[in-house]
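Both counts, for ligands and for their atoms, begin at 1 and track the order of listing.
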Amino acid sequence: MADRYQQFTNSPVGKFVVPKLGLPSPTPLRRYRPGRPLLEGPALVGAAPGGRLEKTVTEQLRGAGVEIATSATAGSSYSALVFDATGISDPKQLRELHSFFQSTIKQVGTCGRVVVLGTPPELTKSTRERVAQRGLEGFTRSVAKELRNGATAQLVYVAPGSEGTTESTLRFVLSAKSAFVDGQVIRVGTAGAGGATGTTPADWDKPLDGKVALVTGASRGIGASIAEVLARDGAHVVAVDIPAQGADLSAVANAVGGSALQLDVTAEDTPAKLVEYFSERHDGLDIVVHNAGITRDKKLANMDSARWDSVISVNIDSQLAINDALLESSVLRDNARFIGVSSIAGIAGNLGQTNYGTSKAAVIGMVEGTAPVLAERGATFNAVAPGFIETRMTAAIPVTIREPARRLSTLAQGGLPVDVAETIAWYANPASAAVNGNVVRVCGQAMIGA
Ligand code: NAD
C-alpha cells in the first residue's frame with residue numbers, strides 16, 4: 001500500500017531528479033493531530049465591498065484561535081487566504097478576486113488553504129448576480145489547480161440568513177482534516193426548510209460526546225477509519241459487518257471502545273434488527289454511516305445478473321431499506337445525521353463498473369431525495385465521494401492502472417481512509433445542521449469527472 005514513488009520524490013535523490021524530469025512531486029500532506037492549532041500560521045481575510053460574511057467569519061476564526069491579518073504584508077506567508085465574495089453582484093466586480101488573490105496566492109504556505117465564500121447562485125436576487133456568483137466556481141477550481149505544495153482551495157456557498165452556521169465548515173476546510181479535499185463546492189443552508197442552526201459543541205475536540213453512531217462495513221479499510229475518527233470525536237460507535245469479518249470487526253470495535261454487531265446489511269430482517277438494537281441497547285441513534293460497499297467488476301457485455309444484483313443490493317437497496325425502518329421508528333434522536341459513501345465512479349462512470357457506477361450515482365440520488373425531507377425534522381443527509389484512497393481495494397488494482405489513477409489529481413497522490421473519515425465527522429458534527437444535501441469529493445481534485 002505504501003506509495004513508493006512519493007517516498008522517492010521526497011528523498012534527497014528524488015528531490016534532485018524529479019523536477020529535472022518534470023515528474024509530479026506529491027507533497028506529504030499535513031494531517032490532523034490532537035493538540036495542534038487549527039492553522040499553523042495567520043489567515044489573511046478579505047472581502048469584496050458589501051460582503052455579508054466577513055465579520056462573522058472573522059469572529060468565528062478568532063474564536064477558534066486563528067491569528068487574523070486584514071491586509072497583506074509583502075514577504076509574509078499565510079496559512080490561509082479567506083475571501084468573502086458575497087458582495088459581488090455583477091460579473092464586472094469579479095475583478096475583486098483578481099485584486100485580492102493575484103499577489104497573495106504566492107504567499108500561501110505549504111498545505112495552506114484558500115477559501116472563497118459566496119452566495120448560492122440559485123438564491124441570488126438578479127441574473128447578473130447569479131452569473132457572477134456562478135463564476136466563483138470556475139475561479140476556485142482553477143486556483144486549486146494552480147496552488148502548489150499540498151495547498152487546497154474550496155468554495156463555500158452560504159445561503160442568505162445562514163451566516164451564523166458556517167463555523168463547523170470553516171473549521172473543517174481550513175484544518176488539516178480536509179487534507180485530501182480539493183477544488184470542492186460546499187453548500188451551507190441550502191437544502192430544505194433552512195434556518196437549521198445546530199448546536200455548538202461544548203468541546204470542539206469532542207463534538208460527538210454522547211452521540212451514538214452506526215457504521216456499516218466497519219471491520220476494515222475506510223469503515224474502520226470512520227469508526228476510529230467518530231470515536232475520537234466522542235461518539236459510541238456500533239460497528240457493523242458480515243459474520244465472516246467477525247474477528248476483524250471485534251478488533252475494530254474493541255480498539256475504539258465501541259460495540260460490534262455482526263449483520264449482513266442486505267438481509268431482510270436487518271432493518272428491524274437495527275431498530276430493535278438501538279432502541280434497547282442505546283436508547284436511540286444519532287449518526288448513520290452507510291459505508292459498506294462492494295465491487296463486482298466486468299464490462300457490461302460480460303456481466304451476469306448476479307454481479308449486477310449483488311452490487312445494487314449492498315450499495316443502495318439495503319441502505320434505503322435501513323433508512324425507511326429508522327425513519328418510521330422513533331429510534332432516531334433529534335438532529336440525526338445520515339451519511340452516504342458514493343464514489344468518483346458514481347460521478348464520472350468507470351470502465352468495467354456499470355453496476356458500481358449505477359449504485360454510487362444512486363447514492364447521490366438518495367442524498368438529493370432525502371435531504372429536504374430530513375431538513376424538516378432537523379436532520380441531514382450528505383455523502384462523500386472518495387477518489388483514489390489507499391486501501392486493500394486499490395492496492396489490488398494492476399500497477400499500470402493504479403499509478404495513473406493515483407497520480408492524475410492536483411495533489412498527485414492517493415488519499416488515506418482517514419481523509420474520508422474526517423469529512424464524515426464534519427457532516428456528523430452537531431454544528432453542521434445547515435450542511436445538508438452535499439456530495440463532497442475526497443479525491444485530491446482528481447482529473448476524472450472533474
Ligand atoms: P473494503 O472492501 O475494504 O470494505 C468494505 C466493508 O464492507 C468490508 O468490511 C465488507 O465486509 C463490508 N461489507 C460488504 N458487504 C457487506 C454486507 N452485505 N453487510 C455488511 N457489511 C458488508 O472497501 P473500502 O475500500 O474500505 O470501501 C468502503 C466504502 O468506500 C465502499 O462503499 C466503497 O465503495 C467506497 N469507496 C472506496 C474507494 C477506495 O478507493 N477504496 C473509492 C471510492 C469509494
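- Here the straight-line distance linking atom CD of Gln60 with atom CG of Leu174 works out to 10.5 Å at 0.5 Å rounding.
- Atoms of ligand 1 found under 4.0 Å from any heavy atom of Ile294 (numbered from 1 in listed order, with element): 14 (C), 15 (N).
- Contacts of Arg392 with ligand 1, taken as heavy-atom pairs under 4.0 Å, are absent altogether.
- Both tests do not hold together for Lys177 against Phe172: distance to the six-membered ring centre under 6.0 Å, angle to the ring axis within 45°.
- Considering both main-chain and side-chain atoms, Lys360 comes within under 3.5 Å of ligand 1 through a nitrogen or oxygen pair.
- Here is the list of ligand 1 atoms found below 4.0 Å of a heavy atom in Ser343: 43 (C), 44 (C).
- Near Thr394, meaning under 4.0 Å from any of its heavy atoms, are these atoms of ligand 1: 40 (O).
- Geometrically, ligand 1 and Asp264 share a nitrogen or oxygen pair separated by less than 3.5 Å.
- A distance of 6.0 Å or more separates the ring centres of Phe338 and Tyr427.
- Under the 3.5 Å distance criterion, with hydrogens and angles disregarded, a donor-acceptor pair is assigned to the side chains of Gln6 and Gln413.
- Expressed to the nearest 0.5 Å, how far CG of Leu208 lies from CG of Asp233 amounts to 5.0 Å.
- For ligand 1, the atoms lying closer than 4.0 Å to a non-hydrogen atom of Leu263 are 19 (N), 20 (C).
- Every N/O-N/O distance between Pro386 and ligand 1 stays at or above 3.5 Å.
- Counting heavy atoms only, Ile242 comes closest to atom 16 (C) of ligand 1 of the residues Ile242, Val289, Thr391, Asn350.
- Within ligand 1, the atoms closer than 4.0 Å to a non-hydrogen atom of Ser219 are 9 (O), numbered from 1 in the order shown.
- Between Arg281 and Glu276, none of the side-chain N atoms (NZ, or NE/NH1/NH2) sits under 4.0 Å from a carboxylate O, so this pair counts as no salt bridge.
- With no hydrogens or angles considered, no side-chain donor-acceptor pair links Thr86 and Thr119 at under 3.5 Å.
- Closest heavy-atom approach to atom 35 (C) of ligand 1 within the set Thr295, Val341, Ile389: this belongs to Val341.
- In the vicinity of Gln245, heavy-atom distances shorter than 4.0 Å reach the ligand 1 atoms 11 (O).
- In this structure, Arg171 is positioned above the aromatic face of Trp204, its NZ or CZ under 6.0 Å from the six-membered ring centre and within 45° of the axis.
- Residues in residues 417-426 take part in these side chain to side chain donor-acceptor pair (under 3.5 Å) pairs, two or more places apart or across chains: Arg31-Asp419, Thr169-Trp426, Arg232-Glu422.
- In this structure, atom 5 (C) of ligand 1 lies nearest to the protein heavy atom Gly293 O, 3.8 Å.
- A donor and an acceptor atom, one from each side chain of Arg113 and Ser79, are nowhere located under 3.5 Å apart.
- By the 30° and 60° cut-offs, the orientation of the rings of Phe101 relative to Phe139 is tilted.
- Side-chain contact between Val115 and Val156: present, with at least one pair of heavy atoms (C-beta onward) separated by less than 4.5 Å.
- Defined by atom type and a distance below 3.5 Å, a donor-acceptor pair is present between the side-chain atoms of Asp241 and Ser219.
- With a 4.0 Å heavy-atom cut-off, ligand 1 is reached by the backbone of Ser342 but not by any atom from C-beta on.
- The protein heavy-atom contact nearest to atom 38 (C) of ligand 1 is Met393 CE, 3.7 Å.
- Ranking protein heavy atoms by distance to atom 19 (N) of ligand 1, first place goes to Val265 N, 2.9 Å.
- The atoms of ligand 1 that sit less than 4.0 Å from any heavy atom of Gly221 are 26 (O).
- The Tyr356 neighbourhood of ligand 1 comprises atoms 33 (C), 34 (O), 35 (C), 36 (N), 43 (C), 44 (C), with distances under 4.0 Å to a heavy atom of that residue.
- Of the protein's heavy atoms, Gly387 O, 3.2 Å lies nearest to atom 42 (C) of ligand 1.
- For the pair Arg333 and Asp286, the salt-bridge criterion is met [side-chain N within less than 4.0 Å of a carboxylate O].
- In this structure, atom 26 (O) of ligand 1 lies nearest to the protein heavy atom Ile222 N, 2.8 Å.
- Contact annotation: for Asn291 versus ligand 1, heavy atoms closer than 4.0 Å belong to both the backbone and the side chain.
- At under 3.5 Å, a nitrogen or oxygen of Arg220, whether backbone or side chain, sits near a nitrogen or oxygen of ligand 1.
- Of the protein's heavy atoms, Gly217 CA, 3.3 Å lies nearest to atom 7 (O) of ligand 1.
- In terms of protein heavy-atom proximity, atom 21 (N) of ligand 1 is nearest to Asp241 OD1, 3.4 Å.
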